[in-house]
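Residue numbers begin at 1 in each chain, while the letters A, B, ... track the order of the sequences.
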Number of protein chains: 2
Amino acid sequence: MNTTRSGHPALTRPDGTPLRVLVVDDDPDLAEVLTGALRYEGWEVRAAGDGAAAVSAARELLPDAVVLDVMLPDTDGFTVLRRLHEVKPEVCVLFLTARDAVEDRIAGITAGGDDYVTKPFSLEEVVARLRGLLRRAGMARQLEDGPRLVVGDLVMDEEAREVTRSGELIELSPTEFELLRFLMRNPRRVLSKAQILDRVWSYDFGGRAHVVELYISYLRKKVDAGREPMIHTVRGAGYVLKPVTR
Amino acid sequence: MNTTRSGHPALTRPDGTPLRVLVVDDDPDLAEVLTGALRYEGWEVRAAGDGAAAVSAARELLPDAVVLDVMLPDTDGFTVLRRLHEVKPEVCVLFLTARDAVEDRIAGITAGGDDYVTKPFSLEEVVARLRGLLRRAGMARQLEDGPRLVVGDLVMDEEAREVTRSGELIELSPTEFELLRFLMRNPRRVLSKAQILDRVWSYDFGGRAHVVELYISYLRKKVDAGREPMIHTVRGAGYVLKPVTR
DNA sequence: CGGGCCGCTCAGAGGTTCCTCAGAGCTTGG
DNA sequence: CCAAGCTCTGAGGAACCTCTGAGCGGCCCG
């Protein structure tokens with residue numbers, strides 16, 4: 001099977017060709033990070049730094065999805081959106097917006113099935129939203145089985161934001177949820193604290209790896225509470241989530 | 001078959017051509033050591049001393065991977081990363097970083113599937129990480145069978161950091177793990193204590209060969225415990241790991 | 001047979017990594 | 001404006017890892 005650097009199967013359309021995404025942001029570092037993360041997830045990625053470049057790149061690439069910063073140097077995001085829809089009406093758009101941006105305008109836009117995340121965001125957030133968009137649009141072959149992650153008796157419903165272990169409901173805070181999602185998307189693989197920080201925390205988070213330890217300890221209290229543990233520490237390397245073996 | 005001085009088969013792409021790596025470090029000694037070790041492993045290697053040289057060398061060589069010191073005299077690591085990806089989007093990058101700089105600005109680096117090791121590092125560490133990158137990228141022909149090392153009934157899963165002997169799980173400390181990995185990558189070959197020190201311990205380790213004996217004894221207790229021994233001493237020469245013969 | 005060399009292992013000091021608690025600051029929602 | 005919840009900082013302490021030193025035993029040589 002065609003796989004990506006993440007070890008996940010490459011994202012493909014029903015016809016087998018890879019999914020294409022266009023990243024539009026004027027901050028080169030951020031664009032670089034997004035590009036890398038999405039490529040790692042199996043997308044065919046292309047980047048643009050402003051509205052004009054975005055539209056012309058879209059004309060060439062005919063992307064399935066666009067990650068679009070609302071604040072661009074030349075054009076405003078909504079104009080770009082209109083042009084993009086002219087180029088390809090069924091394209092999915094994920095907006096990137098500042099926290100204090102006008103919520104109602106965004107709400108109007110996302111009515112069409114599009115979605116948005118506020119800056120600063122975590123990469124897991126972006127990746128998950130994009131997957132959600134594609135799933136709802138019925139565009140990705142391997143997402144059709146639904147929004148559920150399963151590792152052993154641990155089950156996560158991403159859309160309902162519900163987690164259960166052997167049927168019992170587990171309540172998680174937003175950060176706990178995202179951390180667990182990352183672990184569940186990489187079962188049986190040791191993840192370093194740096195990797196976890198890069199993926200689960202916002203790109204502008206200046207804190208230390210100590211936070212990861214703290215949240216792992218929170219998760220253990222909820223996920224492993226009194227049960228056979230699934231979250232393991234690998235000293236000097238990181239953490240692993242794996243199903244209980246017997 | 002095309003082999004190197006190490007006896008390892010030359011690393012090749014799916015099309016049979018050798019894998020190429022670019023080493024970027026401003027410390028000539030370190031660059032020399034890295035270059036030697038990687039060449040020994042079957043890579044086609046080239047070195048550069050700063051960011052500008054790195055980018056232009058990359059344009060010529062079109063390497064499959066880059067080993068890149070984040071602290072360069074001219075450019076910062078993030079910029080070099082971006083330029084490298086412009087030259088060759090699918091290139092894998094392994095960053096070298098000082099231990100106390102880890103927290104600074106690694107954010108985003110591992111996000112794209114790239115990886116890093118902290119100075120001072122061991123050569124086994126670097127080699128293993130590079131192999132991991134390449135494997136995940138699906139780039140090396142002979143790494144495709146997955147991240148498992150097998151010698152007799154001894155099995156090491158590098159990604160899960162799990163070692164089993166005839167199915168039984170063996171718990172190892174970081175140094176023990178790395179030493180065993182080195183032995184398992186060179187089965188049936190006598191390795192001198194000096195060789196082991198050079199490979200498994202950091203390049204700045206001042207200690208003496210006695211540590212190797214100590215760790216071999218630790219390993220024996222865990223790996224050979226009560227079983228037919230696989231780790232053998234060759235007096236005056238070194239140690240060998242080999243499958244049990246009957 | 002005896003001495004020197006090499007390798008093995010034990011015990012423990014010192015350092016590092018990790019876990020957890022307690023609480024301050026912030027955000028959210030009523 | 002208050003209450004509740006969430007996120008992060010800091011500190012203490014526990015567990016673990018690494019290396020040093022020393023003693024012992026076996027091997028090979030004279």
Looking only at side-chain N and O atoms, does Lys221(B) come under 4.0 Å of OP1 or OP2 in dC10(C)? yes
Could you please spell out the steps behind the ring pair (Phe, Tyr, Trp, His ring centres under 6.0 Å) verdict for Tyr215(B) and Trp201(B)? CA-CA 11 Å; Tyr215(B) 270 86; Trp201(B) 269 261; 5.7 Å; yes
Value in whole Å for how far the P atom of dT20(C) lies from CD1 of Ile231(A): 11 Å
Go through the steps for Asp69(A) and Lys119(A) under the test side chain to side chain contact (heavy atoms under 4.5 Å, CB included), then give the verdict. CA-CA 10 Å; Asp69(A) 190 347; Lys119(A) 289 185 182 184; 2.8 Å; yes
Distance in angstrom units between Glu178(A) CD and dT7(D) C1', rounded: 14 Å
Starting at CG of Leu197(A) and ending at P of dC8(D), how long is that distance when rounded to a whole Å? 10 Å
Which residue, Arg129(B), Arg135(B), Arg131(B), Arg136(B), forms the salt bridge (Lys or Arg N to Asp or Glu O under 4.0 Å) with Glu159(B)? Arg136(B)
How long is the line joining CG of Leu219(A) and C1' of dT7(D), in whole Å? 14 Å
Can you check whether Lys193(B) has a side-chain N or O nearer than 4.0 Å to OP1 or OP2 of dC6(C)? no
Protein proximity profile, nucleotides 25-30 of chain C - base contact B, sugar-phosphate-only contact S, no contact -, cut-off 4.0 Å on heavy atoms: ------
Using the rule given for side chain to side chain contact (heavy atoms under 4.5 Å, CB included), can you reason through Tyr203(A) versus Leu34(A), listing the C-alpha separation, both sets of side-chain angles and the distance that settles it, and then say yes or no? CA-CA 10 Å; Tyr203(A) 52 83; Leu34(A) 281 170; over 6 Å; no
Taking only Lys NZ, Arg NE, NH1 and NH2, and the carboxylate oxygens of Asp or Glu, determine whether Glu171(A) and Lys222(A) approach each other closer than 4.0 Å. no
How long is the line joining CD1 of Ile216(A) and C1' of dT7(D), in whole Å? 16 Å
Atom CD of Glu171(A) to atom P of dG5(D): distance rounded to whole Å? 11 Å
Between Ser217(B) and dT9(C), is there a side-chain N or O to OP1/OP2 distance below 4.0 Å? yes
Is it the case that Thr233(B) and Arg220(B) place a side-chain donor and acceptor less than 3.5 Å from each other? yes
Take nucleotides 16-28 of chain D nucleotide by nucleotide from the 5' end and write B, S or -, depending on whether a protein heavy atom sits under 4.0 Å from the base, only from the sugar-phosphate, or from neither. SSBBBBB---B--
Could you check how far CG of Asp204(A) sits from P of dC8(D), rounded to whole Å? 10 Å
Candidate pair Val70(A) and Asp76(A), rule side chain to side chain contact (heavy atoms under 4.5 Å, CB included), full reasoning: CA-CA 6 Å; Val70(A) 208; Asp76(A) 83 297; over 6 Å; no
When you check the gap from the basic side-chain N to the acidic O, do Arg165(B) and Asp153(B) get nearer than 4.0 Å? yes
Once you round it to whole Å, what is the distance between P of dA15(D) and CD of Glu213(A)? 16 Å
Please determine whether side chain to side chain contact (heavy atoms under 4.5 Å, CB included) holds for the pair Leu180(A) and Met156(A), giving the CA-CA distance in whole Å, both sets of side-chain angles, and the decisive distance to 0.1 Å. CA-CA 9 Å; Leu180(A) 183 57; Met156(A) 169 177 287; 4.0 Å; yes
